[in-house]
Amino acid sequence: MVNVEKSFVNNMFSVEGKVALVTGATGALGCVLAKAYGYAGAKVFMTGRNANKLQALQDEFTAEGIDCAYATADPANVEEFDAVVKACVAKYGEINILAVCHGYNKPANILDQSVEDWQYIMDADCKSVYVVCKAVAHQMVEQGKGGKMVVVTSQRSKRGMAGYTGYCTSKGGADLMVNSLACDLTAKYGINVNSICPTVFRSELTEWMFDPESAVYKNFLAREPIGRLAEPSDFVGYALFLSSEASAFITGANCDCSGGYLVV
Ligand code: NDP
């Protein structure tokens, strides 16, 4: 008898009824993942620092029949983020999925960059991942039924770039943190922790790179076997996969999601 259950195969990608906490939900990728979790039947708790944007997202998603709520916080602030976890649990009773989608960059050559500016990037992109994952890990361990953490980092976690001593270092740290969190949390507590490492995708900050006539666009395209740059929706499949039972045997992975950037 071949050993695979039909019901497992039919339901393996489902996040129906799960509670998904999304950080950076006001961002280009965060709002898309938040809505996608909602469309997939999850209850969505959003967080970010911008209350007006979060309220607008809640209004939009609620009108679409998505069960969602939000609370504001700076993800690098322990007290503020602990309050987000409490608010999510007060609203939905538990947290099953964490999607870490916030991020920040202020490129500068090390010769021109202040230590304070570098530290700010490290706090925004690395310390915050620790704070967020720690708070949610405590909650998931208390719940006693495992969970899924998906951290959005970057291909810049694996390679340097001019002006990126803050961003590359913090994203590299976040990817290694994901490797280590898997060692801390998966075998003992059933919490899978993985990261998605994209190349450039469309956002307010990167829109200018999508001009087909620009040298930046042409350079990127030459390094993208897939033949185009990414849209935020390109990462929905990966996020749902890493949030569902389909990825039960995957943990500590820094997942390439770059349109083939690494193979050229
Ligand atoms: P956006 O810039 O669109 O938004 C990210 C969100 O992060 C913002 O809405 C903001 O929410 C929050 N944020 C901004 N600055 C800070 C800060 N200093 N501290 C804490 N939170 C902050 O990001 P994207 O959607 O483009 O990117 C999502 C993730 O993917 C990020 O981690 C990014 O580094 C990474 N990435 C992006 C790429 C791209 O091309 N766009 C490529 C590769 C990786 P609020 O103001 O509400 O707090």
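As the structure lists them, so they are numbered: ligands from 1, and atoms in each ligand from 1.
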Practice item. With side-chain hydrogen bond (donor to acceptor under 3.5 Å, both in side chains) as the test, would you mind laying out the steps for Asp256 and Gln155 before giving the verdict? Key: CA-CA 8 Å; Asp256 170 41; Gln155 278 301 330; 3.1 Å; yes
Exercise for review: State if Val100 counts as touching ligand 1 under the rule of any non-hydrogen atom under 4.0 Å.
Suggested key: no
**Study point:** 4.0 Å heavy-atom contact, Lys171 with ligand 1
**Key:** yes
Point to revise | side chain to side chain contact (heavy atoms under 4.5 Å, CB included), paired with Lys43, selected from Asp67, Asn96, Val15 | key: Asp67
Check your understanding: Counting heavy atoms not belonging to Lys218, are there more than 12 under 6.0 Å from its NZ?
Key -> yes
Option with minimal heavy-atom separation from [atom], where the choices are [options]:
atom                    : options                        : answer
atom 19 (N) of ligand 1 : Ala124, Pro198, Gly27          : Ala124
atom 12 (C) of ligand 1 : Lys127, Lys53, His102          : His102
atom 44 (C) of ligand 1 : Val152, Asn105, Val132, Thr153 : Thr153
atom 34 (O) of ligand 1 : Tyr167, Tyr70, Tyr104, Tyr120  : Tyr167

**Study point:** Short N or O distance, Gly103 and ligand 1, threshold 3.5 Å exclusive
**Key:** yes
Check your understanding: What's the shortest distance from atom 23 (O) of ligand 1 to any protein heavy atom, and which residue and atom give it?
Key -> Ala28 N, 4.5 Å
Review point. To the nearest 0.1 Å, how far is atom 10 (C) of ligand 1 from its closest protein heavy atom, and which atom is that?
Key: Thr26 OG1, 3.8 Å
Which one holds for [X] and ligand 1: side chain close, backbone close, both close, or neither close, with close meaning a heavy atom under 4.0 Å?
X      : value
Asp123 : neither
Pro75  : side chain
Thr206 : side chain

Practice item. In sequence, state the C-alpha distance, the side-chain angles, and the governing distance for Asn254 and Ser195, and then conclude on side-chain hydrogen bond (donor to acceptor under 3.5 Å, both in side chains). Key: CA-CA 5 Å; Asn254 304 141; Ser195 63; 2.9 Å; yes
Practice item. Flag the pair Glu60 and Lys35 as a salt bridge only when some basic side-chain nitrogen lies within less than 4.0 angstrom of an acidic carboxylate oxygen. Key: yes
